[in-house]
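Written below as structure tokens is the structure these notes are about.
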Amino acid sequence: MNPILTTAFKAARRAGQMMTRASGNLDTVKIDSKAFNDFVSNVDRESEMILVDALKESYPHHKITCEESGSHGKDNAEYEWIIDPLDGTTNFLHGHPQYAISMALLHKGVLQEALVYAPERNDLYMASRGKGALLNDRRVRVSSCIELNRCLIGTGFPVVDQSITDKYLAILKDFLSKTAGCRREGAAALDLCSVACGRLDGFFEFNLKSWDIAAGALIVQEAGGIVTDMKGNGSWLETGDVVAGNPKVLAQMLQIIEAHQ
């Protein structure tokens with residue numbers, strides 16, 4: 001583990017320990033609603049504070065972009081952290097153990113380092129550009145499945161912005177009829193890590209935020225996968241529309257999605 005990821009993991013582990021304690025007494029967690037089906041808790045905010053304070057101390061000249069508190073540091077900084085302090089808040093609030101801390105570092109706009117930590121399982125996913133992807137110090141690779149009818153595909157429902165629900169359901173119907181099945185687990189960072197590990201053969205979702213996907217996307221890429229937007233282009237970090245998988249599967253997924261654009 002390089003020094004940057006070591007710093008990130010130490011902070012993520014502290015935040016994860018706080019989450020684990022809070023998960024044992026969910027009745028005391030304070031919950032606010034940011035928008036329809038979009039919740040934030042004091043656990044999200046405390047986790048973010050732990051992460052931001054640690055990064056500011058170690059890297060005072062880095063910009064930090066967070067889900068809850070916005071931007072910290074200078075806009076023209078060469079390095080930028082993109083952080084989701086609790087991806088899968090709704091899962092966490094219901095005691096469903098599918099949530100994680102997601103941290104990514106960009107240099108001049110290019111993803112360089114990624115860490116996703118799932119405290120409930122004590123699983124640590126990491127990647128450094130050009131150096132591969134790891135789960136708990138074991139190298140991981142995307143699946144080798146090339147036949148779509150044998151593939152398991154991950155997805156996410158459009159629960160906040162429901163203006164695209166009809167289009168999404170039409171796409172999902174096609175995937176259900178042409179694959180071995182679809183899964184929706186409610187934490188995009190972990191869904192992307194499942195693609196990197198070959199547990200899912202592909203993943204797609206609309207209208208995500210950069211902090212939902214930045215770290216997981218680099219982990220997929222370093223595991224041999226491809227990440228694009230819904231048109232097969234590279235604007236996924238800006239648009240939040242993301243498709244991921246091994247090269248053969250991703251091409252077939254894009255064909256299904258394109259038919260509904």
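All of these numbers come straight from a predicted model, not from anything done at the bench.
- For the pair Arg129 (side chain) and Leu111 (backbone), a donor-acceptor distance under 3.5 Å is present.
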TODO: Using the side chain to side chain contact (heavy atoms under 4.5 Å, CB included) rule, take Met19 and Ile101 through it: C-alpha gap first, then chi angles, then the decisive distance, then the call.
DONE: CA-CA 10 Å; Met19 286 181 195; Ile101 296 160; 3.5 Å; yes
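- Residues Leu55 and Met103 have side chains in contact (heavy-atom distance under 4.5 Å, counting atoms from C-beta outward).
- Using a distance-only test at 3.5 Å, with no hydrogens or angles considered, a donor-acceptor pair links the side chain of Asp87 to the main chain of Ala189.
- Residues Thr7 and Tyr59 have side chains in contact (heavy-atom distance under 4.5 Å, counting atoms from C-beta outward).
- Using the six-membered ring where Trp is involved, Phe204 and Tyr168 have ring planes that are tilted, between 30° and 60° apart.
- Asn122 and Tyr117 form a side-chain donor-acceptor contact under 3.5 Å, judged by distance and modelled atom types alone.
- The shortest distance between side-chain heavy atoms of Phe175 and Ile257 falls below 4.5 Å.
- For the residue pair Asp44 / Thr89, a side-chain donor-acceptor distance below 3.5 Å is found, with atom types taken as modelled.
- Using a 4.5 Å heavy-atom cutoff, the side chains of Arg121 and Gln98 are in contact.
- Between the side chain of Ser47 and the backbone N or O of Val43, no donor-acceptor pair lies under 3.5 Å.
- Of the possible polar contacts, none joining the Asp174 side chain to the Ile171 backbone as a donor-acceptor pair under 3.5 Å is found.
- No path of Ile, Leu, Val, Met, Phe, Trp and Tyr side chains, each step under 4.5 Å between heavy atoms, connects Leu5 with Tyr125, placing them in separate hydrophobic clusters.
- Judged by distance alone, the side chain of Asn246 and the main-chain N or O of Gly224 form no donor-acceptor pair under 3.5 Å.
- Residues Glu78 and His107 form a side-chain contact, since some pair of their non-hydrogen atoms from C-beta on lies under 4.5 Å apart.
- Remark: side-chain polar atoms of Asp201 are not paired, donor with acceptor, to backbone N or O of Ser143 under 3.5 angstrom.
- Judged purely by atom type and a 3.5 angstrom limit, Asp241 has no side-chain atom pairing as donor or acceptor with the backbone of Met230.
- Side-chain contact between Met126 and Phe9: absent, with no pair of heavy atoms (C-beta onward) separated by less than 4.5 Å.
- When only modelled atom types and interatomic distance are considered, Glu113 and Ser128 share a side-chain donor-acceptor pair under 3.5 Å.
- Applying the side-chain contact (heavy atoms from CB on, under 4.5 Å) test between Leu192 and each of Ile219, Ile213, Val116 identifies Ile213 as the sole match.
- Under the 4.5 Å side-chain criterion, counting only non-hydrogen atoms from C-beta, Lys248 is not in contact with Glu147.
- A side-chain donor-acceptor contact under 3.5 Å links Gln252 to the backbone of Ile146.
- Here the side chains of Tyr99 and Pro119 are in contact, with some heavy-atom distance below 4.5 Å.
- No donor-acceptor distance shorter than 3.5 angstrom exists from the side chain of Asn233 to the backbone of Ser235, with no hydrogens or angles considered.
- Clustering ILVMFWY residues whenever any of their side-chain heavy atoms sit less than 4.5 angstrom apart, transitively, puts Phe203 in a cluster other than the one holding Leu190.
- Cluster annotation: Met18 and Leu93 are assigned to the same hydrophobic cluster (Ile/Leu/Val/Met/Phe/Trp/Tyr, side-chain heavy-atom contacts under 4.5 Å, transitive).
- Criterion: ILVMFWY side-chain heavy atoms under 4.5 Å apart, direct or through other members. Under it, Leu250 and Phe206 are part of a common hydrophobic cluster.
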